[in-house]
Novice: 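Before I ask anything, let me first share the structure, which is written out below as structure tokens.
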Amino acid sequence: MKVESGTLPDSKICKVLRTSLLDWYGKFGRTLPWRNLRDPYAIWISEIMLQQTQVKTVLGYYDRWLQKFPTLKSLAAADIQQVLKLWEGLGYYSRARNIHKAAGKIVAEYNGKFPQEFDRILALPGIGRTTAGGIISSAFNQPFPILDGNVKRILARLVTLPVLLPKANKQLWQLSESLLDRQHPRDFNQALMDLGATICTPKSPKCDRCPWMNHCLAYQTGTPTSWPMRTSSPPRPHKIIGVGIIWSDRQQILIDRRLDDGLLGGLWEFPGGKVEEGETLPECIHREIKEELDIEVEVGSHLITIDHAYSHFRVTLNVYHCHYISGEPKPLESQEIRWVSLDELDELPFPKANLKIIEALRQENS
DNA sequence: AATTCGTGGCG
DNA sequence: TCGCCAAGAAT
């Protein structure tokens with residue numbers, strides 16, 4: 001039989017694929033904390049944490065979250081700072097802000113009961129088509145497809161999809177939907193993701209253990225990792241940043257809370273900014289602190305230098321101690337400022353790179 | 001439609 | 001050391 005690249009096998013083969021995948025899942029599927037749950041709230045939290053984040057990373061956060069916020073109402077009643085503290089280090093902090101917003105919406109509009117209709121789930125902040133499909137199939141066993149990174153890779157390989165990834169989404173959704181086992185949507189979707197995470201991996205797929213080996217066109221080419229087809233990403237710019245630890249006479253430190261929108265939104269940080277052309281680091285820090293807080297400081301000794309990579313740029317943080325001189329500090333470019341002791345830093349959410357600064361402060365202080 | 005959003009692990 | 005990429009969504 002001749003098989004065309006980019007198209008699904010006939011319905012008979014599709015049935016074989018469903019059966020073999022579900023059979024494989026029964027034997028080799030992963031045991032995960034959220035897998036046997038049916039509480040849509042708990043499943044929702046897992047789906048959001050797992051966006052662009054590996055299972056291994058999520059495991060450390062998930063149980064802690066459910067312990068702190070066991071119910072949707074407890075979450076809705078919580079302070080956003082408390083929520084962000086629990087999310088600290090997990091990244092993509094808009095996820096945490098959206099979870100909190102969505103919880104408030106569910107309480108206000110649905111009396112605290114998580115909605116069971118696809119369109120209502122999709123309308124919640126932070127939930128797109130894939131997450132909505134994951135929640136509704138997992139919690140309610142309703143037949144909606146998913147299309148995460150795993151499924152894109154599996155399906156693109158299965159049919160050797162001859163389209164670059166950003167443009168292939170429409171076809172991939174169609175493939176995921178037509179392949180879905182409508183009698184077992186929950187297990188089928190979970191099985192797809194397990195297959196992608198453990199067998200059909202990005203770099204060295206274990207094709208000899210794949211239930212779909214005999215039907216996979218990419219396997220037959222001998223170079224399955226050629227799919228999905230991607231465009232190379234542009235190089236990430238590197239920014240040099242000056243950061244000030246502003247000490248008061250009472251051994252307190254001045255910190256600011258970032259605006260809710262944008263990078264690291266809502267988190268606390270030590271003030272600072274980008275070094276300009278022909279400027280020394282102390283000059284940069286002095287200028288940035290004047291611009292951001294409208295105060296005068298004296299820049300002192302170097303504390304630590306930290307290299308950190310974000311998703312689309314890299315930074316080097318050059319951190320210096322500073323001594324507060326004069327002026328009433330104002331949150332000119334942040335939403336809040338606060339003088340805190342070293343111990344009080346632990347109660348507030350900081351970005352990962354700033355946690356390294358705090359660690360250095362502790363070592364120097366002890 | 002193309003960007004912007006964190007962090008960790010891996011080859 | 002560096003680029004890739006992970007249970008994507010919002011704008």
Novice: Run the salt-bridge test on A:Glu291 and A:Arg287 with the 4.0 Å N-O cut-off and return the result as yes or no.
Specialist: yes

Novice: Determine whether any donor atom in the side chain of A:Arg230 lies under 3.5 Å from an acceptor atom in the base of C:dA6, or the reverse, and answer yes or no.
Specialist: no

Novice: Does a distance-only test, which skips hydrogens and angles, find a donor-acceptor pair under 3.5 Å between the side chain of A:Thr53 and the base of B:dG6?
Specialist: yes

Novice: Regarding A:Lys290 and A:Asp294, does a basic nitrogen lie under 4.0 Å from an acidic carboxylate oxygen?
Specialist: yes

Novice: What's A:Ser233 touching, base or sugar-phosphate or nothing? Going by heavy atoms closer than 4.0 Å.
Specialist: sugar-phosphate

Novice: I want to check something: taking the side chain as every heavy atom from C-beta on, are A:Ile289 and A:Leu254 in contact at a cut-off of under 4.5 Å?
Specialist: no

Novice: Just call it for A:Arg97: base, sugar-phosphate, or nothing, with non-hydrogen atoms closer than 4.0 Å on any strand.
Specialist: nothing

Novice: Tell me what A:Ile48 touches on the nucleic acid: a base, only sugar-phosphate, or nothing, going by heavy atoms under 4.0 Å.
Specialist: nothing

Novice: Does A:Gly262 reach a base, just sugar-phosphate, or nothing at all? Heavy atoms under 4.0 Å.
Specialist: sugar-phosphate

Novice: Within the 4.0 Å heavy-atom criterion, would you say A:Lys352 contacts the bases, only the backbone, or no part of the nucleic acid?
Specialist: sugar-phosphate

Novice: OP1 or OP2 of C:dA6 versus the side-chain N and O atoms of A:Arg153: is any pair under 4.0 Å?
Specialist: yes

Novice: Salt-bridged, A:Lys356 to A:Glu359, with N to O below 4.0 Å?
Specialist: no

Novice: Would you classify A:Gln190 as touching base, sugar-phosphate or nothing, given that sugar-phosphate means primed atoms plus P, OP1 and OP2, and contacts are heavy atoms under 4.0 Å?
Specialist: base

